[in-house]
Amino acid sequence: MKEDFKILAIESSCDETAAAVVADGREVLSNVINSQIDIHKTYGGVVPEIASRKHIENIDPVIRLALDESGVSLEDIDAIAVTYGPGLVGALLVGVAHAKALAFACGKPLIAVNHIEGHISANYTEHKDLEPPFGVLVVSGGHTYIAKVNDYCEYEIVGRTRDDAAGEAFDKVARALGLGYPGGPKIDKLAREGNPEAIVFPRANIADSPMDFSFSGLKSAVLNYLNSCEMQGMEINKADVAASFQKAVVDAITDRAMIMCEESGITKLAIAGGVASNSLLRETLENECGKRNIRYFSPSVIMCTDNAAMIGSAAYYKYLKGETAGYDLNAVPGLGLTGKR
Ligand code: KG4
Ligand code: ZN
């Protein structure tokens, strides 16, 4: 394997059109993200059809910019990587079709990347000394996993959500509070002015699977609380609701992460995904890891959200394992994180 192996990576699974050039899985030479949030927030959430159309418009200029900013020409790229799932099917297909066309036209290998593995790999780009084995929490808009990374690309799932993802719960509660989309950052900000102990919301436990998460009961409890306040004509303190809800989510995630670390003797814990940029979650995990001598790794806020550098990093380790894709590659919208359980 040559050194300085440069991957052009493409990500279009949801509402960000992104392209990046990454060397040897760790060195980010460029990372261009074109976000559609301003368009979708008018509708209170991502509109799949609009997302696909915007990806089609944006993908070529975003790739050109990523190449320009990296200073690497397309001829000097060694492989093309793309997210093939999970995500919105129309959005994914734009990236997949573009990556296949580029790989075919330039005669470069094609690498198919699972978006969730991408989020985990974001940590490799910013923590050069992070190597498996380690524990990881993937908390995003569509997924919530607690897992062990036993080796590069090898996962052992310890827990997953039974219903809503953590970010989905943030978005739904924010909508009920009239805060707009995306809800996570808005709740994070408002919660700073509220009292996290003001309202006791439930922390769900799944009887036969204590490491699994459930956030839909918590979301319903918040909605019921808001309804009953309204019916009784009580004034709602939105900051207290935001702070109490956020605390319930952070407690559920932190408790399970610490149990996994203690039970499995894990000494390194990383977080990943959009919700990993939540300030209370970051602070709480850092404190709890500190108390137990666990090294804690978190990506910068920009590397927690959807981007293509994380896809380029995951792709490198797939390539090292000989995993390349054919031109029959298709989008898999319902793809999960696979591994032993
Ligand atoms: O990873 P991501 O960009 O997309 C998916 O792969 O799903 O995650 C987006 C999710 C949204 O639900 C958003 O509300 C949430 O991450 N999020 C946050 C914060 N920033 C983004 N949730 C809580 N606190 C935040 N600061
Ligand atoms: Zn994501």
Side-chain angles (χ1 to χ4, degrees), residues 9-18 20 31 33-37 40-41 44-46 48 51 82-88 91-92 95 113-123 136-145 160-161 164-177 179-192 194 196 215 218-219 222 242-243 245-254 270-285 298-311 313-314 333-337:
I10 299 169
E11 154 66 41
S12 69
S13 65
C14 191
D15 57 348
E16 264 95 29
T17 319
N31 192 18
I33 305 168
N34 180 299
S35 175
Q36 305 173 8
I37 282 184
H40 296 287
K41 74 179 172 201
V46 179
V82 66
T83 305
Y84 74 108
L88 301 168
L92 287 164
V113 176
N114 178 325
H115 181 81
I116 307 170
E117 289 194 64
H119 273 303
I120 296 170
S121 307
N123 282 285
V136 73
L137 275 166
V138 186
V139 276
S140 73
H143 307 278
T144 307
Y145 286 98
R160 54 160 63 95
T161 182
D164 290 352
E168 204 176 341
F170 269 97
D171 293 337
K172 287 177 179 168
V173 167
R175 185 190 283 223
L177 287 171
L179 301 178
Y181 177 84
K186 301 210 158 110
I187 290 194
D188 193 345
K189 192 163 168 236
L190 183 62
R192 281 178 216 145
F215 292 114
L218 170 60
K219 171 201 68 194
V222 177
F245 159 77
Q246 178 175 267
K247 174 87 168 45
V249 175
V250 168
D251 281 354
I253 297 172
T254 310
I271 57 169
V275 183
S277 52
N278 182 268
S279 56
L280 181 71
L281 181 63
R282 293 168 87 92
E283 191 188 308
T284 311
L285 284 171
S298 62
S300 61
V301 168
I302 194 71
M303 288 301 284
C304 287
T305 54
D306 290 350
N307 67 83
M310 67 185 199
I311 303 303
S313 174
L335 192 68
L337 182 66

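Note that ligands are numbered from 1 as they come in the structure, with each ligand's atoms numbered from 1 the same way.
- L337 CG to T144 OG1: the interatomic distance, rounded to the nearest 0.5 Å, is 12.0 Å.
- When each atom of ligand 1 is checked for a heavy atom of G142 under 4.0 Å away, the hits are 7 (O).
- Contact annotation: the side chain of V173 never approaches that of F215 to less than 4.5 Å [non-hydrogen atoms, C-beta and beyond].
- Of the protein's heavy atoms, V275 CG2, 3.9 Å lies nearest to atom 15 (C) of ligand 1.
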Determine whether F170 and Q246 satisfy the following criterion, side chain to side chain contact (heavy atoms under 4.5 Å, CB included), listing intermediate values before the conclusion. CA-CA 8 Å; F170 269 97; Q246 178 175 267; 4.1 Å; yes
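- Atoms CD1 and CZ, from I187 and F245 in turn, are 5.0 Å apart once rounded to the nearest 0.5 Å.
- Closest to atom 3 (O) of ligand 1, if we only count protein heavy atoms, is D306 OD1, 3.3 Å.
- Taking only nitrogen or oxygen atoms, main chain and side chain alike, P182 does not reach within less than 3.5 Å of ligand 1.
- Heavy atoms of H143 found under 4.0 angstrom from ligand 1: none, in either backbone or side chain.
- Checking H115 against the Zn ion (ligand 2), an N/O/S atom falls under the 2.8 Å cut-off.
- Each of N307, D306, T305 was scored for a side chain to side chain donor-acceptor pair (under 3.5 Å) with H119, with one residue passing: D306.
- The number of heavy atoms from other shown groups lying within 6.0 Å of CZ (R282) is above 12.
- H119 has its closest N, O or S atom to the Zn ion (ligand 2) at the position named NE2.
- P86 places a side-chain heavy atom less than 4.5 Å from the side chain of N114.
- Among protein heavy atoms, the minimum distance from atom 24 (N) of ligand 1 is reached at N278 ND2, 3.0 Å.
- For a threshold of 3.5 Å applied to N or O pairs, the pair formed by G167 and ligand 1 contains at least one separation below that value.
- Taking a 4.0 Å cut-off on heavy atoms, H119 registers as neighbouring ligand 1.
- Distances from the Zn ion (ligand 2) to the N/O/S atoms of D306 are shortest for OD1.
- Protein heavy atom nearest atom 6 (O) of ligand 1, with residue, atom name and distance: H115 NE2, 3.1 Å.
- By the 4.5 Å heavy-atom criterion applied to side chains, M310 and P299 are not counted as neighbours.
- Considering only non-hydrogen atoms, atom 18 (C) of ligand 1 lies nearest to G184 out of G87, P86, G184.
- With D171, V301, D188 as candidates, the residue nearest to atom 13 (C) of ligand 1 on a non-hydrogen basis is D171.
- Using a 4.5 Å cut-off on side-chain heavy atoms (C-beta onward), L281 and T254 make contact.
- No salt bridge links D171 with R175; every basic N to acidic carboxylate O contact stays at or beyond 4.0 Å.
- When hydrogens are left out, the protein atom nearest atom 9 (C) of ligand 1 is G141 N, 3.7 Å; that is the closest non-hydrogen contact.
- What sits closest to atom 21 (C) of ligand 1 on the protein, heavy atoms only, is G274 O, 3.4 Å.
- The nearest protein atom to atom 20 (N) of ligand 1, hydrogens excluded, is given as S277 OG, 3.3 Å; this is a heavy-atom distance.
- Note that the NE2 atom of H143 and the CD1 atom of I116 stand 4.0 Å from one another [nearest 0.5 Å].
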